[in-house]
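Proteins come first, then strands; the chains are lettered A, B, ... in the order of their sequence lines, and each starts at number 1. The analysis underlying the following values was restricted to heavy atoms, covering all of them including side chains, and did not include hydrogens, waters or symmetry mates.
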Amino acid sequence: MATRYMDAVLVEKRMSSRVRKNTGFKGLFFASTLFGLIVLAVLLVRIFTQGIEYINIDFLMNHLSTDASRAGIMGAILGTAWLMVVVIPVTMIIGVGTAIYLELYAKKGKLQSFIATNISNLAGVPSIVYGLLGLTLFVRTLEFGNVILAGGLTLALLVLPIVIVAAQEALRAVPGQLSEASYGMGATKWQTVRRIILPAALPGILTGAILALSRAIGETAPLTVLGIPALLIPFPSGVFDTFTALPMQVYYWTIDSSLVAEYANLAAATIIVLLILLFLLNSIAILIRNKFQQRY
Amino acid sequence: MSTVMEKQINLKLVRNPNERYEPEVPKEVVYDTKGLNLWYGETHALKNINMDIKEKEVTAIIGPSGCGKSTYLKTLNRMVELVPIVKTSGQITYKGKNILDKSFRVEDLRTQVGMVFQKANPFPKSIYENIAYGPKIHGIKNKKVLDEIVENSLRGAFIWDELKDRLGDNAYGLSGGQQQRLCIARCLAVEPNVILMDEPTSALDPKSTLRIEELVQELKKDYAIVIVTHNMQQAARISDKTAFFLNGEIIEYDKTDHIFNNPTDQRTGDYISGRFG
Amino acid sequence: MAANNKNRMSVSKMIEQQKQKRKFFNQLERFIPTLLLIIASISVLTTVGIIYTLFAESVAFFRNVPILDFLTGTVLKPLSQNPEFGLLPLLNGTIISTVIAMLVAGPIGMMSAIYLSEYAPDHVRRVLKPLLEILAGVPTIVYGFFAFTFVTPLLRMIFPSIEATNILSPGIIMGVMIIPMIASLSEDAMSSVPNSMREGALALGSTKLETTFKVVIPAALSGIIASFVLGISRAIGETMIVAIASGSSKNFSFDITGSMQTMTAYIVEVAGGEAAAGTTIYYSLYAVALTLFVFTLMMNLLAKYISRKFREEY
Ligand SMILES: Nc1ncnc2c1ncn2[C@@H]1O[C@H](COP(=O)(O)OP(=O)(O)OP(=O)(O)O)[C@@H](O)[C@H]1O
Ligand SMILES: [Mg+2]
């Protein structure tokens, strides 16, 4: 090792600029991370300052109206609530059922991996395409019309992959000893699933279901395709009623704000209601997750 | 540099004209550790370590698991700082400067101090790129120079003949022993003064182990080598000095002969003869 | 002892009785796997449903409009007396909005990933990561509103000639929406590069920056590329932001300060206008949606292929 290729003096000289470069880029990387957060902050501040003064009891309780000062979003709130009445049971039953099948009953093989691949591909399909499926299948072919049931089922199919994947993960996380203990006592498979595995997996399943629900609540694109009326309809009182929903209300008020400027403020106020709803749902999900995290 | 060296050697020879066994060549102290303490959060992992490490010597560190061997080794090139909760006190002088000083640039230190890890960790690149990585980041761009460095480093790690025809292959295709020697070559390519080795042979079969041991003997002609090992025979075979660590303290640090044949502290003897650890 | 024995007898007897009672349920239990299989097949049926509807209605469309005219046509005039159904204006709008979005989300998402994975101290990461994920949880309608009522007027201060509906503003905001996706997937890829590799590079005297760019990123490249492809797929399928803020101009133009329509926004416009079933314009919805579906599916499969095929084995 006689020959020396590295000139110690030169190496040390270069080091200063290399170290400086590192420090500079670190700042750039940090600033980039903040960029997204700053946009988020600006967005929230802007929407709250624009819409907060429009939120009052009348706004929450009134019917829609073309007169901005009298317009209310009760119809949209009820519509969103009714959608959830459809989405929750449908996604829970199908989502958890599918997850149980894939994790606990299906033999590892072609069929199981086909279904799993199918689900992961479904998760990547744009939501507007689900809207067209809903339009063709529920609104037209099954002749529901553009009612809550059609909207709810469309949204349910859309968020189904989220629930399935979350439920699968929750089921997988249940320790094997639990079910072995149950089998050891002579319990049948279904007894074990129903009494041991499902209760243990429930927090995880619920967390996933709530996150899916908050996705469904904010979805707009599929509803626009179903042909949800923009105006003046009676409050819905069942799944076969026509409806509007919070995000639809935001949509119509936003695009009409070029005609009536005040509509933009109403849209902002509606967004606040929507965001508060999402915030509450996510808080519940986080609470559940934290409460049950260190169970085993 | 070399002339100073020769002068020192001459001086020494003159001073001890009657030296019968191999003449004591005065060796420069590379690392001088004084009163080093290190904490991982609340865990006091190194306690008042005092130890000097000299060039052209192999210094072995032995001791039971968890006694702080790796921690000390990683403090010598400040890799230990990658654990954020680490706190240190005391000083380690490397070539006259305290490396624990926050103003000391770790990159400079690590350029001059190479490290070989317990598990070979080549980059997922070609064999050539693995070796050329160090010189490249330090500013060598000339292809011909790089070619020479790659060849010399691989020769230095005694692996050139095995690999010369497959320099473009991914390093992950090599056997564990070859990977470890590749990592040694990678470390030689930046021409360090010191090489730190943390159980470099613990994951290798006896044959590969032997090759690395031979390599260490060869390398010590040019470098200071600090090697952590759990293998007592290995420490005895290849090292000039041995430090015995226990619970974060140095129990004994002396010539390897002395430590193995005539330890001062009973705990050293117990450990070497296998009564604990 | 005797009492104990007796006790045990009675317990096992009770179990026996209970078993008799349960016999009926046990019979039922045999159907549970079948029932679950039926439920699980609903997701498959959804896929079948999507593909079938898109194809069936598209076939009707292509009976009226030759497929080649559709794919290569530069004129889109669905409502005119002599309607023309060229896809290219929509494709153009989709590609341009996607490019704008990726120009924002690519570098910023990537740099955020680098910061979070390589530089951020633990406690900072623990705060920043969830905050960044909020960005992904905001409904897209909210972004649409923000782009239309805030970003466009803001851009107008810089480029006074920008139109009230334009592709630039929703493109940028779409990028912001995609940042967390790229950041978090790329961060996952980079975090899974073993630490020993970073240590190897740092021990040679590399700075963190060199370690990141010369060792960590090359080792995580497949995951990073996959995250970009997924981001592109997301941008192609994004609807509400462009539907609101980019208007409905069907001109084949490259002027990003003007209105452009994407495939998704076209579907919203035409379906929202309640096109009568059976008309060519109604069927055109499905042809456009089919194109959209094929594009996003290809992107998603590509992402999967990349991350599987080129996964580094450390
Ligand atoms: N990253 C860390 N965080 C907290 N404590 C640590 C960390 N690394 C090591 N320690 C603690 O420091 C002490 C010394 O560890 P070290 O790895 O230096 O031991 P060692 O002598 O190298 O052991 P081995 O022979 O098993 O490699 C141990 O008690 C260990 O638990
Ligand atoms: Mg160790």
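For the 3.5 Å distance criterion, the side chains of A:Ser120 and C:Lys304 qualify, holding a donor opposite an acceptor.
Only the side chain of C:Glu210 comes within contact range of chain A, judged by heavy atoms closer than 4.5 Å. For C:Val151, no part lies under 4.5 angstrom from a heavy atom of chain A. Interface remark: A:Leu157 contributes side-chain atoms only to the contact with chain C (heavy atom separation under 4.5 Å). Interface residue C:Thr239: only side-chain heavy atoms are found under 4.5 Å from chain A. For A:Leu102, no part lies near chain C; criterion is any non-hydrogen pair under 4.5 Å. Both the backbone and the side chain of A:Thr136 come within contact range of chain C, judged by heavy atoms closer than 4.5 Å. Neither the backbone nor the side chain of C:Phe295 comes within less than 4.5 Å of any heavy atom of chain A. Only the side chain of A:Tyr105 comes within less than 4.5 Å of a heavy atom in chain C; its backbone stays farther off. Both the backbone and the side chain of A:Tyr251 come within less than 4.5 Å of a heavy atom in chain C. At a 4.5 Å heavy-atom cutoff, the contact between C:Phe145 and chain A is made by backbone and side-chain atoms alike. Contact annotation for A:Ala99: neither backbone nor side-chain heavy atoms come within less than 4.5 Å of a heavy atom of chain C. For C:Leu285, the parts lying under 4.5 angstrom from a heavy atom of chain A are both the backbone and the side chain. For C:Thr264, the parts lying under 4.5 angstrom from a heavy atom of chain A are both the backbone and the side chain. For a residue to count as touching a neighbouring chain, one of its non-hydrogen atoms must lie under 4.5 Å from one of that chain's; by this rule A:Leu40 touches chain C with backbone and side chain alike. Interface remark: C:Ile108 contributes backbone and side-chain atoms alike to the contact with chain A (heavy atom separation under 4.5 Å). Interface residue C:Glu57: only side-chain heavy atoms are found under 4.5 Å from chain A. Residue A:Ile94 touches chain C through both its backbone and its side chain, counting heavy-atom pairs closer than 4.5 Å. Residue contact with chain C, scored on non-hydrogen atoms closer than 4.5 Å, is absent for A:Leu211. Contacts of C:Leu54 with chain A are made by side-chain atoms alone, with heavy-atom separations under 4.5 Å and no backbone atom involved. A:Gln50 touches chain C through its side chain: at least one heavy atom from C-beta onward sits under 4.5 Å away, while N, CA, C and O do not. For A:Arg46, the part sitting under 4.5 Å from any heavy atom of chain C is the side chain, from C-beta outward, and nothing else. Heavy atoms of C:Ile42 lying under 4.5 Å from chain A belong exclusively to its side chain. C:Leu301 touches chain A through its side chain: at least one heavy atom from C-beta onward sits under 4.5 Å away, while N, CA, C and O do not.
Looking at every heavy atom in both residues, A:Ser32 comes nearest to C:Ser112 through O-OG, 3.6 Å. Nearest heavy atom pair, residue C:Leu36 against residue A:Gly97, reads CD2-O, 3.6 Å. Nearest heavy atoms, A:Ala264 versus C:Thr149: CB-CG2, 4.4 Å. Minimum interatomic distance between A:Ile119 and C:Ser43 (heavy atoms only, all atoms of both residues): CG1-OG, 3.6 Å. Taking both residues in full, the closest heavy atoms of A:Thr33 and C:Leu128 are given as CG2-CD1, 3.8 Å, listed atom of the first, atom of the second, then distance. The shortest heavy-atom contact between C:Phe148 and A:Thr254 is CE2-O, 3.4 Å.
Comparing A:Val193, A:Ile255, A:Val39, A:Leu104 by how many heavy-atom pairs each has under 4.5 Å with chain C, the most go to A:Val39. Interface check for chain C: of the options A:Val225, A:Leu132, A:Leu226, the most heavy-atom pairs under 4.5 Å are formed by A:Leu132. In terms of heavy-atom pairs under 4.5 Å with chain A, the best-connected choice from C:Ile179, C:Val176, C:Thr47 is C:Thr47. Heavy-atom pairs under 4.5 Å with chain A were tallied for C:Ser41, C:Gly144, C:Gly205; the largest tally goes to C:Gly205. When the candidates C:Thr46, C:Ile134, C:Leu297 are compared by the number of heavy-atom contacts under 4.5 Å with chain A, C:Thr46 comes out ahead. Between chain C and the residues A:Val11, A:Leu275, A:Thr224, A:Leu274, the most heavy-atom pairs under 4.5 angstrom are made by A:Thr224.
In this structure, A:Val250 and C:Val142 have side chains that are not in contact, with every pair of non-hydrogen atoms separated by 4.5 Å or more. Under the 4.5 Å side-chain criterion, counting only non-hydrogen atoms from C-beta, A:Leu43 is not in contact with C:Phe150.
Here the straight-line distance linking atom OH of C:Tyr52 with atom CG of A:Leu137 works out to 11.5 Å at 0.5 Å rounding. Of the inter-residue distances, the one linking C:Leu37 atom CG with A:Thr98 atom OG1 reads 9.5 Å to the nearest 0.5 angstrom. Rounded to the nearest 0.5 Å, atoms CD (C:Glu238) and CD1 (A:Ile128) are 9.5 Å apart. From C:Leu116, atom CG reaches atom CZ of A:Phe30 across 10.0 Å, with rounding to the nearest 0.5 Å. Expressed to the nearest 0.5 Å, how far CD1 of C:Ile50 lies from OH of A:Tyr130 amounts to 5.0 Å. Taken from OG1 in C:Thr140 to CD in A:Glu219, the straight-line distance is 6.0 Å, to the nearest 0.5 Å.
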- Begin from the C-alpha positions of A:Phe114 and C:Val44 and carry the test side-chain contact (heavy atoms from CB on, under 4.5 Å) through to its verdict. CA-CA 9 Å; A:Phe114 170 72; C:Val44 179; 3.8 Å; yes
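In this structure, the side chain of A:Asn22 engages the main chain of C:Leu209 through a donor-acceptor pair within 3.5 Å.
C:Phe213 and A:Phe25 have perpendicular rings, their planes meeting at more than 60° on a 0 to 90° scale where under 30° would count as parallel.
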